[in-house]
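Chain letters run A, B, ... following the sequence lines, proteins first, then strands; residues in each count from 1. The figures that follow rest on heavy atoms only: side chains count, while hydrogens, waters and symmetry mates do not.
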Protein chains: 2
Amino acid sequence: MELQEKLHNKGLRLTQPRREVVAILNAAASPLTPQSIYQRSVERKSDIGLVSVYRTLELLSELNLVRRVHGRDGCHGYVLASPGHHHHLVCRKCGKAVEFSGSADLSEFITKIQKETGYKINEHILQLYGICPKCQEERQ
Amino acid sequence: MELQEKLHNKGLRLTQPRREVVAILNAAASPLTPQSIYQRSVERKSDIGLVSVYRTLELLSELNLVRRVHGRDGCHGYVLASPGHHHHLVCRKCGKAVEFSGSADLSEFITKIQKETGYKINEHILQLYGICPKCQEERQ
DNA sequence: TCCTTATTGAAAATGATTTTCAATAAGGAA
DNA sequence: TTCCTTATTGAAAATCATTTTCAATAAGGA
């Protein structure tokens, strides 16, 4: 497994709380805040400390196994990252998020901006918001 | 003036603290946090309350006169918004941010993602990071 | 099974943001 | 200009998120 390996390479251990956070993120349909991850662990009776949730998220971010997703208002949630560079599309109604990879399509656009501004661009955050298919149906 | 009008329409007043926050954002070269806006007001001896900074930023956001800019780590800073839909390009070294408008160039990309995912996309956040021309020179 | 040491969790510390409320000042009316 | 109403302010307290501390625990190699 990805996680197992990456931890091992750094002399870190695969502990209960770490498994738990990954499991919860895995089961989640939308980005979760540290608080809500903690809450779910209480519900699941795995009951890990909130502090460990924070620490685990920080670790998983460093390992690129988790991505921070930005809301326009209340900021960060976390989602499990698929390998490679991805972006998120979040439903306004139900909060469900899907990943999509669009770097290729953006690169032309980014090159253009580089020329216009003189900046050397080496990273980007793109986040889309909309209504998912299911919620579109329910509207009617 | 924009601000004057918009406030008036809502029966709100153009007060000293509000002028001050706008003036500080106007003079800023990069996104400012509420804390740093407050600090600058102390330096300028205008000395408005931190609470008013928060309240003013919230108000200006509602009026679309200010935009919240996201960092990948420590989240929000605020910049004065130019009219229309804009994005930000932030320098990693000095923090200087420039605005650019790229909605037109993105629309094709967004349409494609809509088709792929079935989502109805109606908003997006795009933020680019890089090194500004000045900082590129200093590197050498 | 034992032993080393990374990791945990509770509590305290810190920091950001919001709420409360009496005092103040914006700006329309006289 | 002056007065009066009421939106707004600022200080302090309350709240909420996040980080630090540290003794107790548990991973996992020997």
Side-chain angles (χ1 to χ4, degrees), chain A residues 1-24 31-63 65-66 68-78, chain B residues 1-24 31-63 65-66 68-78:
Chain A
M1 195 212 197
E2 269 269 56
L3 175 58
Q4 178 88 267
E5 267 180 61
K6 289 201 176 185
L7 288 174
H8 198 268
N9 290 343
K10 301 206 165 193
L12 303 177
R13 296 170 182 176
L14 181 52
T15 63
Q16 200 44 48
R18 285 172 187 169
R19 284 176 204 279
E20 193 54 25
V21 169
V22 172
I24 290 173
L32 299 181
T33 61
Q35 315 287 333
S36 61
I37 292 173
Y38 171 69
Q39 223 159 4
R40 290 187 190 204
S41 91
V42 173
E43 285 164 16
R44 279 156 153 266
K45 302 215 200 304
S46 52
D47 239 325
I48 61 183
L50 177 57
V51 193
S52 294
V53 174
Y54 276 101
R55 281 189 289 223
T56 300
L57 288 174
E58 194 186 333
L59 177 64
L60 292 175
S61 286
E62 273 169 32
L63 298 178
L65 292 172
V66 134
R68 187 179 232 161
V69 168
H70 294 269
R72 36 224 320 294
D73 31 305
C75 261
H76 25 259
Y78 293 84
Chain B
M1 197 210 198
E2 270 269 54
L3 173 59
Q4 178 87 268
E5 265 181 64
K6 289 202 175 184
L7 288 175
H8 198 267
N9 290 342
K10 301 207 164 192
L12 303 178
R13 296 172 183 175
L14 180 53
T15 64
Q16 201 44 48
R18 286 172 185 168
R19 283 176 205 279
E20 193 54 25
V21 169
V22 171
I24 290 174
L32 299 180
T33 61
Q35 315 287 333
S36 61
I37 292 173
Y38 171 69
Q39 222 158 7
R40 291 189 189 202
S41 92
V42 173
E43 285 164 15
R44 278 157 152 264
K45 302 217 200 304
S46 52
D47 240 325
I48 60 184
L50 178 56
V51 194
S52 294
V53 174
Y54 276 100
R55 282 189 287 224
T56 300
L57 288 174
E58 194 186 332
L59 177 66
L60 293 175
S61 286
E62 272 169 33
L63 300 178
L65 293 173
V66 135
R68 187 179 231 161
V69 169
H70 293 269
R72 37 223 319 293
D73 31 302
C75 259
H76 26 258
Y78 293 83

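Taking 4.0 angstrom as the limit, H8(A) places none of its side-chain polar atoms (N or O) nearer than this to OP1 or OP2 of dG28(D). Between T15(B) and dT8(D) there is no side-chain polar atom (N or O) within less than 4.0 angstrom of OP1 or OP2. Residue Q35(B) places at least one side-chain N or O closer than 4.0 Å to OP1 or OP2 of dT17(C).
Both G11(B) and D47(B) sit near DNA chain D, but only G11(B) has its closest nucleotide nearer the 5' end.
Going from atom CZ of R55(A) over to atom C1' of dT19(D) covers 9 Å, rounded to whole Å. Going from atom CD1 of I37(A) over to atom C1' of dG9(C) covers 17 Å, rounded to whole Å. The CG atom of L50(B) sits 15 Å away from the C1' atom of dT15(D) (whole-angstrom rounding). Here the P atom of nucleotide dA6(C) and the CZ atom of R19(A) are 19 Å apart, to the nearest Å. When rounded to the nearest whole Å, the span between OH of Y38(B) and P of dG15(C) equals 16 Å. Remark: C1' of dG28(D) and CG of L7(A) are 13 Å apart, rounded to the nearest angstrom. Rounding to whole angstrom units, CD of residue E20(B) and C1' of dA25(C) are separated by 16 Å. Across the protein-nucleic acid pair, L59(A) atom CG and dT19(D) atom C1' stand 16 Å apart, rounded to whole Å.
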Exercise for the section: I would like to know whether V51(B) and R55(B) meet side chain to side chain contact (heavy atoms under 4.5 Å, CB included); could you show each step before the answer? Expected result: CA-CA 6 Å; V51(B) 194; R55(B) 282 189 287 224; 3.6 Å; yes
Practice task
Please assess L63(A) against L7(A) for the test side chain to side chain contact (heavy atoms under 4.5 Å, CB included), listing each intermediate value before the final yes or no.
Solution key: CA-CA 8 Å; L63(A) 298 178; L7(A) 288 174; 4.0 Å; yes
Exercise for the section: Please test S52(B) against Y38(B) for side chain to side chain contact (heavy atoms under 4.5 Å, CB included), starting from the C-alpha separation and ending with a verdict. Expected result: CA-CA 9 Å; S52(B) 294; Y38(B) 171 69; over 6 Å; no
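Considering only side-chain atoms of L14(A), the nucleotide from dT18(C), dG28(D), dG29(D) that sits closest is dG28(D). Set against dT17(C), dT19(C), dG9(C), the side chain of Y54(B) has dT17(C) as its closest nucleotide. If you check dT19(C), dT20(D), dT9(D) against the side chain of V51(B), the one that comes closest is dT19(C). Closest to the side chain of R13(A), from the set dT8(C), dT5(C), dT20(D), is dT5(C). Across dG10(D), dG9(C), dA6(C), the shortest atom-to-atom separation from the side chain of L12(A) is found for dA6(C).
Under the Watson-Crick or G-U wobble criterion, with both distances below 3.5 Å, dA12(D) is paired with dT19(C). Shown here, dT25(D) forms a base pair with dA6(C); the pair counts as Watson-Crick or G-U wobble because both key distances fall under 3.5 Å.
In this model, a donor atom of one side chain and an acceptor atom of the other lie less than 3.5 Å apart for E20(B) and S46(B).
Among the protein residues, R18(A) comes within range of the sugar-phosphate backbone only, with heavy atoms under 4.0 Å from sugar or phosphate atoms but none that close to a base.
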